[in-house]
Amino acid sequence: MALRPLQNLVVIKRVDNKKTTESGIILAGSAEEKQDIGEVVAVGPGRKSESGQLISVDLKVGDRVLFGKYAGQAVKMDGEEFLVIRDEEILAVVE
């Protein structure tokens with residue numbers, strides 16, 4: 001099953017958390033925080049302006065993005081977790 005986002009929505013898969021710190025300390029499960037960086041998996045066509053013109057989403061599949069801590073809606077499909085998020089909630093593209 002696949003997700004096809006509508007309007008200006010974007011489907012993001014979070015990037016895996018680091019399990020150890022730079023100094024080599026292994027983090028316990030409760031000490032880990034979810035990363036606010038993810039990879040774009042699907043992009044909606046965009047939204048229409050008041051005049052009816054299509055405003056496309058300025059992202060593409062494969063982009064790594066930074067988003068707000070409480071942004072989007074978590075969705076589980078086929079055992080994987082994704083975020084469905086509005087393009088306005090994406091803060092930056094990570095290059």
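Note that these values count all heavy atoms, side chains included, but never hydrogens, waters or copies made by symmetry. If you're wondering where the values come from, they're calculated on a predicted model, not measured in any experiment. Along the sequence shown, residues carry numbers from 1.
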Is the closest side-chain heavy-atom distance between Leu59 and Val65 below 4.5 Å?
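Yes, at least one pair of side-chain atoms sits under 4.5 Å.
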* **Close side-chain approach of Glu39 to Ile12, heavy-atom, < 4.5 Å** => no
For the student: nearest non-hydrogen atoms of [X] and [Y], plus distance:
X     : Y     : result
Ala42 : Pro5  : CB-CD, 3.6 Å
Glu81 : Lys13 : O-CG, 4.2 Å
Lys69 : Asp36 : CA-OD1, 3.8 Å

**All pairs passing salt bridge (Lys or Arg N to Asp or Glu O under 4.0 Å) where residues 52-67 contributes a residue, at least two apart** =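 Applying salt bridge (Lys or Arg N to Asp or Glu O under 4.0 Å) to every pair that reaches into residues 52-67, excluding sequence neighbours, yields Lys60-Asp63.
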### Message
Hydrophobic cluster membership, with links at side-chain heavy-atom distances under 4.5 Å among I/L/V/M/F/W/Y: are Ile55 and Val57 in one?
### Response
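No, Ile55 and Val57 fall in different hydrophobic clusters.
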Under 4.5 Å between side-chain heavy atoms, counting indirect links through other Ile/Leu/Val/Met/Phe/Trp/Tyr residues: same cluster for Val11 and Val75 or not?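 Both belong to a single hydrophobic cluster.
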Compile the donor-acceptor pairs under 3.5 Å between side chains in residues 83-95 and protein atoms, sequence neighbours left out, one pair per line.
from, atom 1, to, atom 2, distance (Å)
Arg86, NE, Glu88, OE1, 3.2
Asp87, OD1, Asn8, ND2, 2.8
Glu88, OE2, Asn8, ND2, 2.7
Glu89, OE1, Arg86, N, 3.2

Item to complete: Using side chain to side chain donor-acceptor pair (under 3.5 Å) as the criterion, list what pairs up with Lys48, not counting sequence neighbours.
Response: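 Result, side chain to side chain donor-acceptor pair (under 3.5 Å) vs Lys48: none returned.
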Residues at least two apart in sequence or cross-chain that pass side chain to side chain donor-acceptor pair (under 3.5 Å) with Glu50, listed by chain then number, are none
